[in-house]
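Data block below; observations after.
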Protein chains: 4
Amino acid sequence: MGSETADPETAPPPGPRPRPGGRTARTRRQVLDAVLAELGEHGYDGLTVEAVATRAGVHRTTVYRRWRDVGGLLADVLDAAGADDWGPPDTGSLEDDLTGLNEEIHDALTARPPVVPALIAASFRSPQAAEAQRRLWDDRYARCEVVVERALARGDLPAGTEARPLLVAATAPLYHQLLLLGAAPDPQSARRAARATALAAAAGAFTGQPAADT
Amino acid sequence: MGSETADPETAPPPGPRPRPGGRTARTRRQVLDAVLAELGEHGYDGLTVEAVATRAGVHRTTVYRRWRDVGGLLADVLDAAGADDWGPPDTGSLEDDLTGLNEEIHDALTARPPVVPALIAASFRSPQAAEAQRRLWDDRYARCEVVVERALARGDLPAGTEARPLLVAATAPLYHQLLLLGAAPDPQSARRAARATALAAAAGAFTGQPAADT
Amino acid sequence: MGSETADPETAPPPGPRPRPGGRTARTRRQVLDAVLAELGEHGYDGLTVEAVATRAGVHRTTVYRRWRDVGGLLADVLDAAGADDWGPPDTGSLEDDLTGLNEEIHDALTARPPVVPALIAASFRSPQAAEAQRRLWDDRYARCEVVVERALARGDLPAGTEARPLLVAATAPLYHQLLLLGAAPDPQSARRAARATALAAAAGAFTGQPAADT
Amino acid sequence: MGSETADPETAPPPGPRPRPGGRTARTRRQVLDAVLAELGEHGYDGLTVEAVATRAGVHRTTVYRRWRDVGGLLADVLDAAGADDWGPPDTGSLEDDLTGLNEEIHDALTARPPVVPALIAASFRSPQAAEAQRRLWDDRYARCEVVVERALARGDLPAGTEARPLLVAATAPLYHQLLLLGAAPDPQSARRAARATALAAAAGAFTGQPAADT
DNA sequence: GTTTAAGCGAGACGGTACGTCTTGTCTTGGC
DNA sequence: GCCAAGACAAGACGTACCGTCTCGCTTAAAC
């Protein structure tokens, strides 16, 4: 869901005023790119500041000065990744929208090198990075709510259907399969999860009140 | 789903002939317990062999001798965790069975201290541990298939419904919410995911052939 | 022997044209004072340009611009310390003159905070500073030669007595005890070394020709 | 005065019982030798743990493990240097004994490479090393007191002559000239300081009671 | 009940990475 | 146009783990 590279200049990290143009910004981009490249090559556990700095053509201490530690580095990578103008597909059908969304997720999680899985795994290593990761997902899911709203507007879903649980139900199986269960990529899985969720939603599974146990 | 403590004697680790009774077995249990305790206290990244050994009242080299490295240690913990006689609930209703299952997952993922999440996260640190984790999940899902079979036998599901995708769809949202999205525990989420999946399954969402793209 | 603070304007450092009055001179004084204060507080090894600059209310780069490096800074401090009108006591007696001199040394080496010892130790850190330190001592000893000349004029010393070795013999024990041996301050040591040297000098120990090896 | 290399096995540093023979002892010797070699080549300020370890054929962390920091390393070097059976000359004459002593000092301070000056300078860098340096000097001066005792026994010195101030007075000029004043080596200086001190001592300069101001 | 060999305690070691601290240079923006 | 502010390169420091090795001691299994 969404890309991991984006316009980084829009989200200057900490500091008072980080010298908008010039070396500072260029260095940041180089380092963040190096993080992604290293993650892709060596995985979340082979990520060392030394290697990142070398690849970015920067000295190790520069990384520590700007990002304090690995967690800060990952957090900034994630923040930069979220700073784009991504939006969900708009096909006119809930199932197809969700399928398109799932296909993006599928592609991101199975792309070679596996940058996204490594990034997710790495985020467990620091509270700061985990926080950024959750911020990113929250933003992505928020942008996706329009998919449900459109379906509601079309009358394809019962009134009261809640977007967030629906979206989570639709996308969770992909993450679970590919990230945790280590299953082989399955092109059908994107549509299967989308259709199951669309069916359940049409049947009222995601309306706020469980209406008792019908 | 399932417990993380179990009868360890049933799965002697790699060694040639493990001296069934006595110090060896006792030491193993102490060390594995220490791993869980350390994971609970310090999280997946604060797991050090030194601390495990000290807590187990054993010398560091003993750990390395028996389990070779941290990955081996985690793998053995996971294998021991899977060596029990756990089985899914049997309530007579698919939705209720799935709800019960999800409640177990919910409890495991939100228990204090957070041993299970830490264990899952830690498993990313070594291929060997990741393999063991997947073995554990595969075993658990296999044991759960009976839930679907019973529903099929009762005629509650269309013929051709596949168990595995159904189970994954039912349980994935819990993992996704609690592990990846870091959402607050929500007692309703277990039933919501169960009902949505049951509804979708009843509508034929998990029959093998997608019946083309409608 | 001599003081460590003195009129600084008389010895413009390296710079091209030192702008006699105004900010330049004021800044120099602030920085040199800050060096002494830092030396007193943190000792010869805790002297950092950063701390000196901060204490002087000046930016770090200003220090580097004006003094190039720590060695230059120390050298300037020492040169400033030597730029005074100090002179040895004149009591009418060689032993008393030397005693007075030694008491000054004793006080300088045992004053709190220990600025002088720290300065001497710090001077080992750069050839430039070491050179300045030796320049300072050489100047001080040169000014002290008059003490010996007066004694010669009074006829208290044999003709041919050399001033420099006599002065070194008289003062060395103080430096040795307090700086190298770390002995506790001893008020008697000043006079003891002075008297021993005066006695030896009167006996002809510092005449140029050793009169062969008797 | 005395040598800086000595039998190191006689003074096992800290720890309970350092496995007397074998790798441990060999490693210690290699490292201490490397410290001296590095001091000789690069001076007190060019002494880095990395270089010492490399030269000793040992890993950097081993040095930190055993000696904690540079100060501990220097302290152990100094302790090892003091663990020999050195003794002062015995010529039958106070002046000649002191001259011989001073010649040893002169040689040590002017030897190439300048290991001893570097070691002394380096000792200023850590309280622990400074302490060891003073311990070493104290031991050396204690061993030298016999020189004065013999002169007293011969009747060459007035009763009540105190050994320590005499020895300090005799040796201090050498240290002062060569270490602090940076004077060029002067072969006569050893005898000059010795004779001056012997003359003063014979005249009663080092008897405890100053006998008022004669 | 004694061998006997595995398991274990103890700890030095090589090695990797971390994050910190200084030094001295270089760049940039503001006054 | 100077100069403050501060980013940067370079490199040493000391720490924390990891996993390997060697040495003896102890103890459980086998004879």
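Letters A, B, ... are given to chains in the order of the sequence lines, protein chains preceding strands, and every chain is numbered from 1.
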Inset, instruction - Let me know, please, whether B/R65 or C/H59 comes out on the 5' side of the other along DNA chain F by nearest nucleotide. - result: C/H59
Inset, instruction - To the nearest Å, give me how far apart CD (C/Q128) and C1' (E/dG24) are. - result: 14 Å
Legend entry - Polar side-chain atom of A/T62 near backbone of A/V58 as donor-acceptor pair, under 3.5 Å: no
Inset, instruction - Using atom CZ of A/R66 as one end and atom C1' of E/dG19 as the other, report the distance to the nearest whole Å. - result: 18 Å
Inset, instruction - Of all the heavy-atom pairs spanning B/A80 and B/R29, show the shortest one and how long it is. - result: CB-NH2, 4.3 Å
Inset, instruction - Measure the distance from CD on C/E38 to C1' on E/dT23 and round it to the nearest whole Å. - result: 16 Å
Legend entry - Given D/L74, D/V52, D/D45, the one that forms side-chain contact (heavy atoms from CB on, under 4.5 Å) with D/L39: D/L74
Inset, instruction - Return the value, rounded to whole Å, for the distance between atom CZ of B/R125 and atom P of E/dA17. - result: 14 Å
Legend entry - Spacing of C/T54 atom OG1 and C/R60 atom CZ [to the nearest 0.5 Å]: 9.0 Å
Inset, instruction - Taking only Lys NZ, Arg NE, NH1 and NH2, and the carboxylate oxygens of Asp or Glu, determine whether D/E41 and D/R55 approach each other closer than 4.0 Å. - result: yes
Legend entry - Minimum-distance pair of heavy atoms, taken over all atoms of C/P114 and C/G40: CD-O, 3.9 Å
Legend entry - Euclidean distance, atom CH2 of residue A/W67 to atom P of E/dT20 [Å, nearest integer]: 15 Å
Inset, instruction - Can you measure from CD (B/Q133) to OG (B/S126) and round to the nearest 0.5 angstrom? - result: 11.0 Å
Inset, instruction - Could you check whether C/G72 gets within reach of a base, just the sugar-phosphate, or nothing at all, counting any heavy atom under 4.0 Å? - result: nothing
Inset, instruction - Please report the closest heavy-atom contact between C/V35 and C/L47, naming both atoms and the distance. - result: O-CD1, 4.0 Å
Legend entry - Atom of C/V63, atom of C/A53 and distance for their closest heavy-atom approach: CG2-CB, 4.1 Å
Any N/O pairs under 3.5 Å between the protein and nucleotides 12-14 of chain F? List them or say none.
| unit_1 | atom_1 | unit_2 | atom_2 | d |
| --- | --- | --- | --- | --- |
| F/dA12 | N6 | A/R60 | NH2 | 3.2 |
| F/dC13 | OP1 | D/V49 | N | 3.4 |
| F/dC13 | OP2 | D/V49 | N | 3.0 |
| F/dG14 | N7 | D/R60 | NH1 | 3.4 |
| F/dG14 | O6 | D/R60 | NH2 | 3.2 |

Legend entry - Contact nearer the 5' end of DNA chain E, comparing B/V58 with A/G46: B/V58
Inset, instruction - With axes from five pairs an end, tell me the bend angle of the helix from E/dG1-F/dC31 to E/dC31-F/dG1, nearest 10°. - result: 30°
Legend entry - Rounded interatomic separation in angstrom, taking CG from B/L73 and C1' from F/dC17: 15 Å
Legend entry - Side chain of A/T27 - closest among F/dC8, F/dA4, E/dA10: F/dC8
Inset, instruction - Give a yes/no on whether any side-chain N or O of A/T62 is located under 4.0 angstrom from OP1 or OP2 of F/dA9. - result: yes
